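Data first, discussion second: the structure below is written as structure tokens.
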Amino acid sequence: MFILGPGPVLTAAQGPITFNKHIAPILNEYCAPCHRPGESGPFPLLTYQDAKKHARQLAVVTKSRYMPPWLPEPGYGKFQDERRLSDAQIAVLERWVTAGEPQGDPADIPAPPKFTEGWQLGQPDLILTIAKPFALRADGEDVYRNLIFPARLDGFHYVKAIEIRVGNNKLVHHANVLIDREHTARALDGRDGQPGFAGMDLQIESEKFDPDGHFLFWKPGTVPFAEPDGMAWRMDDGTDLVLNMHLQPSGKSELVQPRIGLYFSDKPPLLRPMLIQLENDGAIDIPPGAASFQVSDDFTLPVDVRVLGVYPHAHYLGKDLQGFATLPDGTKKPLIWIRHWDQNWQAVFRYQDPIFLPKGTKLSLRYEYDNSDNNQANPNHPPKRVLAGNRAVDEMGHLWVQVLPAVTDAQGSESARLSIQESLMRSKLGKSPQDFSANYNLGAVLVSRGRYQDAEVSLRAAVRIDPANPTATNSLGAALQALGRVDEAVALFRESLRLRPDYPSAHYNLGNALLSQGQFEPAIANFREILRADPKDVPALEKLVTALNAQGNEFARTGKLTDAMECFREIVERNPDDADAYTNLGSAYAIRGDLAEAARNFERALQIEPGHEVARKNLERVRQDLLRRKK
Ligand code: HEC
């Protein structure tokens, strides 16, 4: 596949190798994206003078394949935007240096590369910022920082791309964005007096099964990835984005105030990918000095999928990282092989063509770690025992595989996603049965699949492992409520609210359960509690109206008409366009004998909905009574 040794460009007929003819095109394409002012490279590589100044170094770093940074081994997955020099190009660079770096004929010099300044994808539709910059110290070890960007949107949007601008690209090696719909990260924000919080890896807890199947990854020197049509993701008002950054001190202290640019799409998502995480962090316990410590994980696909991309991840001790698939017929397909891991150059790798994998295919991770003194990246000299964890001195071994269920209809795709999630959680529990989030997530997915009895088992396990977790307690209540065990459910919702008094979902569930028991007053109080925090919460509003209505009818039935009127009046206030609400209020007035007021309300109902039968009949009757009274 690759031309070994001197390629066709090196034939004598084409004359000597010169900068203008042979070297500039290579530098423009492979080096200049980073080696230019404002980008991550330590010096520019744009002109002959630039190249000459670093000539020897260029030959050395390209020959060792340190530059341009590109980790995957050729022949193990065909990736988009492969930034890898051929052996022939490397030989050309070396020969140019050996020949004394001739500049060549000015007529040969190619047009300079064109770069877009500022936002690479054009002006974003929305730019998110943080209020206060993060102060990065002048020197010392790399810094891993998570910053929280609250997003205010008008309703929701479909996001097709994100771009991160940090101001100084030299400071940031790479960044990941996590979507935090339930503000779980906020509790950690600013505890050390600086915006955000420390940590190399980050997990966001989520209440529902709604996995985000997108790699929101960014690194300097690349044009951000825009999702194809139909693969945007939905972002709602009030969502937090958490930016997880790997920062490198520059020698002077710097203020870092990144901005996240969001690009919207008007096309709703039709294709919803998923991220399958292979890992076995529980097995990471690397003795000091171990030069090839191995970790493995396997996961069997429960459905047909297409693999879109992979994101391998390890920290400083990672050495040889392999991912592959074994098809049901035994065929082995490589996904990626990185022979010399360097966590500084980690990236998301997207395939040129998606890889189809049938149901029953086994995905495998085989990672090797070097905790010896020979590993220059080892943070410990002499080496120490290293366990899994999210600090830079801990280790990790993840392979994220982005897959798209290979079915075309939305229903089939959703059910495929649920079965992938179920298999993933079961696989996790096989490795660590006491994993809280695996138990919780399995329970959540079983609830989504309507398997409440099975869900109860998993959610009970989650609550047993972490009895102080309001989310798990609330979800267990919801499963029992679905099984018709309302009293038990009510007790769990109350417990969840004891653990977290402002928890909207538990208020909603408790309100609902009480409503089903005919306990209108406390039900209404719970819906009001949600609306106090967020007056625009539509489901809570609807439930409040239902509860008020039920209570109003109850009052009307038992003759407490003033109270009924209160309820109906409030409903009218909250729903000025609801013909039913006016009809109810009118009826209450009629029963109380206030016929004029009753007629006014029926008329209002008919203005809104001219075909409203009940309002029309009631209005007729009330008008007749009014006439009779006059006589
Ligand atoms: C993705 C961005 C990127 C690309 C593409 C890139 N570089 Fe670099 N380069 C860097 C960064 C960042 C550094 C400094 C950090 C380091 O040395 O790891 C660097 C460092 C270097 C160094 C100094 C190494 C040392 O040991 O101090 C040389 C020489 C170099 N690059 C040459 C090249 C050449 C030649 C190319 C193209 C064939 C290239 N780079 C492509 C980002 C890039």
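Just follow the structure's listing: the first ligand is 1, and inside any ligand the first atom is 1. The residues of the chain are indexed from 1 along the displayed sequence. The shown structure was predicted, so the numbers you read here are calculated from the model rather than taken from an experiment.
The shortest heavy-atom distance from Arg83 to ligand 1 is under 4.0 Å.
Of the listed residues (Asp285, Asp281, Asn371, Ile284), just one forms a side-chain contact (heavy atoms from CB on, under 4.5 Å) with Glu395, and that residue is Ile284. The only member of Val143, Leu147, Leu136 that meets side-chain contact (heavy atoms from CB on, under 4.5 Å) when paired with Met245 is Leu147.
Residues Arg366 and Ser296 approach most closely at NH1-CB, 3.3 Å, considering heavy atoms.
For atom 12 (C) of ligand 1, the nearest non-hydrogen atom of the protein is Ser40 O, 3.4 Å. Protein heavy atom in closest approach to atom 22 (C) of ligand 1: Phe43 CZ, 3.7 Å.
Each of the following atoms of ligand 1 lies closer than 4.0 Å to a heavy atom of Tyr30: 5 (C), 37 (C), 41 (C). Of all atoms in ligand 1, numbered sequentially from 1 with element shown, those under 4.0 Å from a heavy atom of Gln57 are 23 (C), 25 (C), 27 (O), 29 (C).
Between His398 and His313, the ring planes lie tilted relative to each other; the angle falls in the 30° to 60° range.
Legend: protein N/O/S atoms lying under 2.8 Å from atom 8 (Fe) of ligand 1, waters omitted, number 2.
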| said: Pair Asp394, His315 - check side chain to side chain donor-acceptor pair (under 3.5 Å), show working. | reply: CA-CA 7 Å; Asp394 304 322; His315 296 177; over 6 Å; no
| said: Walk me through whether Asp142 and His246 qualify under side chain to side chain donor-acceptor pair (under 3.5 Å). | reply: CA-CA 7 Å; Asp142 291 7; His246 172 186; 2.7 Å; yes
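Scored by the side-chain hydrogen bond (donor to acceptor under 3.5 Å, both in side chains) test, His35 finds no partners at all (sequence neighbours excluded).
For Phe349 and Tyr311, the ring centers sit 6.0 Å or farther from each other.
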